[in-house]
Amino acid sequence: MGGSEQEGGPAGESSRHGLAELIAERRAKAQRLAASDPEAFPYAYPDVEPISTILDAYAHLADGEETEDRHRVAGRIAARRGAGRAAFLDLVDRSGKIQLHARVDVLGKEAFERLTSLDLGDLLGVDGAVLRSRHGELTLRVDAFRILAKALRPPPDKHHGLSDVETRHRRRELDLIANEDTRRRFADRAKLISAVRSYLDGQGFIEVETPVLQPLYGGALARPFTTHHNALDRDLYLRIATELYLKRCIVGGLERVYELGKDFRNEGISHKHNPEFTMVEWYEAYADYEEEARRLEEAVRAAAQAVGYSGELDFSSPWQRVSFAGSIEEATGIDVMANRDAESLRAAIVAAGLAMQTEGLAWPQLADDLLSKHVEPSLQQPTFVFDYPVELSPLAREHRSEEGLVERWEAFAGGMEIANAFSELIDADAQRERFVAQQRLETLGAEESQPYDELFVEALEQGMPPSGGVGLGIDRLVMLLTGADSIREVVLFPAMRD
RNA sequence: GCCCCGUUAGCUCAUCUGGUAGAGCGCCGGACUUUUAAUCCGGUGGGGCGGGUUCGAGUCCCGCACGGGGCACCA
């Protein structure tokens, strides 16, 4: 539907007579039910079993076999067949779907008619005996039932479901009602997050919570959202990363910390980008980026296992490893390390005949563009890209043997970046210089740079142990492990225009 | 921000060159005691918004909104 149509006002309802009538029918039924029985809609319905446990427990039942085993289920009415003196209903809960057999000779005329006059989408609780129909469908013979809630609005099509992408994202509840795939995907998301937490917890990490509202943003190169604190009468930023605060926790001696939560970046929206997204960052004293690469492999493997991933990507260790400069040279023939200023790199790009915007870009942007446009899309299988230029990585420690590089990797899979890690820069004076260099880059045309964070530098001055840190994009990992091609499919309520 | 495509009933979809907009599901009424996209009969409901061209616009033109894809931006 067009987004311009707003619900609510009498004018809006009258222009959609059909829907208004449907709602009126359902509301009248709800009122009749309430009038006929003061307890028509109970406040609770205890001892409900998941449908799937009943399906599993009676998988052995032969066609036509009946039991007197009573079970209680509850869910939403998804379909209804037959009438007269017997009817079949499909009841759906979070775990699955089961058929109900309603018989007038079991329920009596009044209750039978009350049950069969329900609408698709209504919520129903049932006590019944398990049987398998002659057609082989596991079924509950309805012995007693409670109407739990009335759906005033019609549900999506019982067979075709809801396919309109816009409605699926704006009205996620309808998507969840109509599409089992959607329900499963978000259940998988929860399992994946739980697996990552559980992995880190098991490795001695402690989960911490650092400010979302920050006086100064940092830890990534991105534009922030700004907000305002009234009592303090000052502007604050929504965090773009948790990095700097987590490192202060490492300085403080917490040794292994992680935070899993939302970051906010005020940038474009795409199938890979939502303005608020979920990231886990972990930091670990006495480890370097090699150690963290191993950890990422383990964490992702745990996540893949948790959701039973069986797709094309091979997350079994060890992942492919390439170098930043080497992968660019292989893809484009350009040696970025031999062209260390914007002028000469731009010339090399032009000479190579690459269709790329180069005007006004500083060296780091040019080098990063080469990677993201000519290398990243081809990285389908999980791959680490190692050893980035120092200009791109103001928070990473200088490479132990390669001049001009830092010890940093990014992990890619499915043509997307999923993680980023460093041997952390722990030298306070070097960090101060990097911040200054960032400010200089900004004047050379960089859109974003790392703001100078004096409090962070002072924290480093307390002495920080050699450490490794990782940031892993949860939404993108969910995309990969559930086969979603858009981040909007793995975020329950993605950002949409009003 | 730019380019391309899309928007028809509550849902899923039709509607050849401009000429009274159809179906299935749902919902309402009726038949049916093992159906499963139940079936059968009858009924109900619609062109995203705003302009323009035309005797006549869902269809052609312009603008807007929203969505999808791409670019830019963005690790």
Side-chain angles (χ1 to χ4, degrees), chain A residues 1-7 15-26 28-29 63-64 66 78-90 97-106 112 117 119-121 131-139 141 151-171 174 177-178 220-223 240-241 265-275 277 279 355 357 364-365 368-369 371-373 376 385 388 392-393 408 410-412 416-420 447-448 471 473 476 485-486 488 494 496-498:
Chain A
M1 75 180 62
S4 60
E5 179 184 32
Q6 293 299 317
E7 309 251 342
S15 70
R16 295 172 303 135
H17 240 298
L19 179 58
E21 282 173 14
L22 287 178
I23 292 173
E25 299 271 11
R26 286 166 175 260
K29 281 190 187 180
D63 292 0
E66 305 193 4
R80 188 184 44 218
R81 295 173 290 280
R85 288 165 195 84
F88 295 88
L89 303 161
D90 288 341
K97 178 170 79 177
I98 195 167
Q99 174 169 270
L100 308 176
H101 187 196
R103 304 169 55 114
V104 72
D105 58 356
V106 172
F112 179 81
S117 69
D119 296 317
L120 299 194
L131 62 98
R132 188 177 295 282
S133 74
R134 295 205 281 269
H135 290 71
E137 181 90 11
L138 198 76
T139 302
R141 181 195 69 215
L152 295 181
R153 290 177 179 270
D157 187 278
K158 68 182 177 186
H159 181 245
H160 298 95
L162 178 68
S163 61
D164 181 78
V165 174
E166 181 170 359
T167 309
R168 286 185 44 241
H169 293 161
R170 284 186 189 278
R171 306 295 302 274
L174 297 181
I177 287 169
L221 302 178
R223 278 185 294 180
I240 60 172
R265 297 187 183 177
N266 204 341
E267 291 160 354
I269 295 176
S270 80
H271 68 112
K272 297 194 249 187
H273 300 267
N274 198 55
F277 61 101
M279 170 100 97
Q357 159 79 20
Q365 272 68 48
D368 200 35
D369 280 1
L371 184 80
S372 59
K373 291 193 176 55
E376 180 172 338
V385 176
Y388 281 63
L392 287 171
S393 318
R408 172 190 185 184
E410 288 187 319
F412 298 86
M416 277 189 307
E417 180 199 344
I418 59 169
N420 180 28
E447 284 270 331
E448 282 94 33
R476 289 183 178 180
D485 54 11
S486 168
R488 295 177 210 109
M496 304 284 273
R497 287 177 202 276
D498 282 329

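Chain letters run A, B, ... following the sequence lines, proteins first, then strands; residues in each count from 1. Since the structure is predicted, the reported quantities are computational estimates derived from the model, not experimental observations.
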Chemist: In whole angstrom, give the distance that lies between atom CG of A:N274 and atom P of B:rC73.
Modeler: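 Taking CG of A:N274 and P of B:rC73, I get 20 Å after rounding.
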Chemist: Answer with yes or no whether A:H273 presents, from its side chain, a donor or acceptor under 3.5 Å of a partner atom in the base of B:rC74.
Modeler: yes
Chemist: From B:rU33, B:rC27, B:rU35, pick the nucleotide closest to the side chain of A:A86?
Modeler: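 Comparing B:rU33, B:rC27, B:rU35 against the side chain of A:A86, the answer is B:rU33.
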Chemist: Between B:rA57 and B:rU20, how far apart are the two C1' atoms, rounded to whole Å?
Modeler: 14 Å
Chemist: Heavy atoms under 4.0 Å, any strand shown: does A:L392 hit a base, just sugar-phosphate, or nothing?
Modeler: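 The answer is base, as A:L392 lies within the cut-off (heavy atoms under 4.0 Å) of a base atom.
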Chemist: Can you tell me, in whole Å, how much space there is between the C1' of B:rU7 and that of B:rU15?
Modeler: 16 Å
Chemist: In whole angstrom, what separates A:D369's CG from B:rC74's P?
Modeler: 8 Å
Chemist: Within the structure shown, what part of the strands sits under 4.0 Å from A:G161 by heavy-atom distance: base, sugar-phosphate, or nothing?
Modeler: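 A:G161: backbone/sugar contact only, no base atoms under 4.0 Å.
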Chemist: Rounded off to whole Å, could you give me the CZ-to-C1' distance for the A:R153 and B:rC11 pair?
Modeler: 13 Å
Chemist: Would you kindly check whether a donor in the side chain of A:R81 faces an acceptor in the base of B:rU35, or vice versa, at under 3.5 angstrom?
Modeler: yes
Chemist: In the structure shown, which nucleotide is the Watson-Crick or G-U wobble counterpart of B:rC73, with both distances under 3.5 Å?
Modeler: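 When the pairing criteria are applied, nothing turns out to pair with B:rC73, so the answer is none.
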Chemist: Which listed nucleotide (B:rC27, B:rU35, B:rU33) is nearest to the side chain of A:D105?
Modeler: B:rU33
Chemist: Identify the residue among A:R80, A:R81, A:H101, A:Q99 that makes a side chain to side chain contact (heavy atoms under 4.5 Å, CB included) with A:L89.
Modeler: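 Of the listed residues A:R80, A:R81, A:H101, A:Q99, the side chain to side chain contact (heavy atoms under 4.5 Å, CB included) partner of A:L89 is A:R80.
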Chemist: Select base, sugar-phosphate, or nothing to describe what A:E376 touches, counting heavy atoms under 4.0 Å on all strands.
Modeler: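 Since no nucleic acid heavy atom lies under 4.0 Å of A:E376, the category is nothing.
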Chemist: Side chain of A:R26, heavy atoms from C-beta onward: which of B:rC27, B:rU34, B:rG67 has the nearest atom to it?
Modeler: B:rC27
Chemist: Would you mind pulling out the nucleotide paired to B:rC66, Watson-Crick or G-U wobble, both distances under 3.5 Å?
Modeler: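 Matched B:rC66 with B:rG6 under the 3.5 Å cut-off.
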Chemist: Which part of the nucleic acid, if any, lies within reach of A:R488 when heavy atoms closer than 4.0 Å are counted: base, sugar-phosphate only, or nothing?
Modeler: sugar-phosphate
Chemist: Decide yes or no for A:I269 and A:M496: does some side-chain heavy atom of the first lie under 4.5 Å from some side-chain heavy atom of the second?
Modeler: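 No - every pair of side-chain heavy atoms lies 4.5 Å or more apart.
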Chemist: In terms of heavy-atom contacts, does NZ of A:K29 have more than 12 from other residues, nucleotides or ligands at under 6.0 Å?
Modeler: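 Yes, NZ of A:K29 has more than 12 neighbouring heavy atoms, counting only those of other groups under 6.0 Å.
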Chemist: To the side chain of A:E166, which of B:rC74, B:rG26, B:rC66 is closest?
Modeler: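 Per side-chain heavy atoms of A:E166, the pick is B:rC66.
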Chemist: How would you label the contact of A:E25 with the nucleic acid (heavy atoms, under 4.0 Å): base, sugar-phosphate, or nothing?
Modeler: sugar-phosphate
Chemist: Please report the distance separating the P of B:rU59 from the corresponding atom of B:rG19, rounded so that it comes out in whole Å.
Modeler: 11 Å
Chemist: Using atom types as modelled and distance alone, determine if a side-chain donor or acceptor of A:R85 lies under 3.5 Å from a backbone N or O of A:D105.
Modeler: no
Chemist: Taking the side chain of A:E66 as heavy atoms from C-beta outward, which of B:rC74, B:rC25, B:rU34 is closest to it?
Modeler: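 Selected nucleotide (nearest to the side chain): B:rU34.
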Chemist: Looking at A:D157 and B:rG24, is any side-chain donor or acceptor paired with a base atom of the opposite kind under 3.5 Å?
Modeler: yes
Chemist: Using atom CD1 of A:I269 as one end and atom C1' of B:rC73 as the other, report the distance to the nearest whole Å.
Modeler: 12 Å
Chemist: Pick the P atom in B:rG58 and in B:rG52, then give their distance to the nearest Å.
Modeler: 15 Å
Chemist: So for A:E137 and B:rU35, does any side-chain atom that can act as donor or acceptor lie under 3.5 Å from a complementary atom in the base?
Modeler: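 Checked by distance alone, the answer is no.
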Chemist: For the side chain of A:R497, counting heavy atoms from C-beta on, which of B:rC28, B:rC11, B:rG67 is nearest?
Modeler: B:rG67
Chemist: Whole angstroms only, please: what is the NE2-P distance between A:H159 and B:rC13?
Modeler: 12 Å
Chemist: Please answer whether the main-chain N or O of A:A151 pairs with a side-chain N or O of A:R26 as donor and acceptor at a distance below 3.5 Å.
Modeler: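 A pair under 3.5 Å: yes.
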Chemist: Please name the nucleotide paired to B:rA37 by Watson-Crick or G-U wobble geometry with both distances under 3.5 Å, or report none.
Modeler: none
Chemist: For B:rA72 and B:rC2, measure between their C1' atoms and round to the nearest Å.
Modeler: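 Roughly 8 Å separates the two C1' atoms.
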Chemist: Looking only at side-chain atoms of A:H160, point me to the closest of B:rU35, B:rA37, B:rG26.
Modeler: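 That would be B:rA37.
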Chemist: What do the steps show when you test A:D63 against A:R134 for side-chain contact (heavy atoms from CB on, under 4.5 Å), and what is the final call?
Modeler: CA-CA 5 Å; A:D63 292 0; A:R134 295 205 281 269; 5.9 Å; no
Chemist: Sticking with atom P, work out how far B:rG47 lies from B:rG26, rounded to a whole angstrom.
Modeler: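 Pairwise P distance, B:rG47 against B:rG26, rounds to 23 Å.
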Chemist: What's the gap between B:rC25 and B:rA21 when it is taken at their P atoms, as a whole Å value?
Modeler: 23 Å
Chemist: Distance check, C1' atoms only: B:rC4 and B:rA9, in whole angstrom units.
Modeler: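 Straight-line distance between the two C1' atoms is 29 Å.
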Chemist: Please give the nucleotide sitting opposite B:rU15 as a Watson-Crick or G-U wobble pair, both distances under 3.5 Å, or none.
Modeler: none
Chemist: Where the side chain of A:K158 is defined as all heavy atoms beyond and including C-beta, which of B:rU12, B:rG26, B:rU34 is the nearest nucleotide?
Modeler: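 Selected nucleotide (nearest to the side chain): B:rG26.
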Chemist: A:H271 has an atom NE2; how far is it from atom C1' of B:rC73, in whole Å?
Modeler: 14 Å
Chemist: The side chain of A:L22 lies closest to which of these nucleotides: B:rG26, B:rU33, B:rC66?
Modeler: B:rG26
Chemist: Tell me the partner of B:rG42, counting only Watson-Crick (N1-N3 plus N6-O4 or O6-N4) or G-U wobble (N1-O2 and O6-N3) with both under 3.5 Å; none if nothing fits.
Modeler: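 Looking at the geometry, B:rG42 pairs with B:rC28.
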Chemist: Looking at every strand, decide which applies to A:S133 at a 4.0 Å heavy-atom threshold: base, sugar-phosphate, or nothing.
Modeler: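 Base contact - A:S133 has a heavy atom under 4.0 Å of at least one base atom.
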Chemist: Counting side-chain heavy atoms from CB outward, which of B:rG26, B:rC32, B:rU44 is closest to A:R85?
Modeler: B:rC32
Chemist: Remember a base hit wins even if backbone is also touched, and classify A:K373 as base, sugar-phosphate or nothing at under 4.0 Å, heavy atoms.
Modeler: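 Result for A:K373 = sugar-phosphate.
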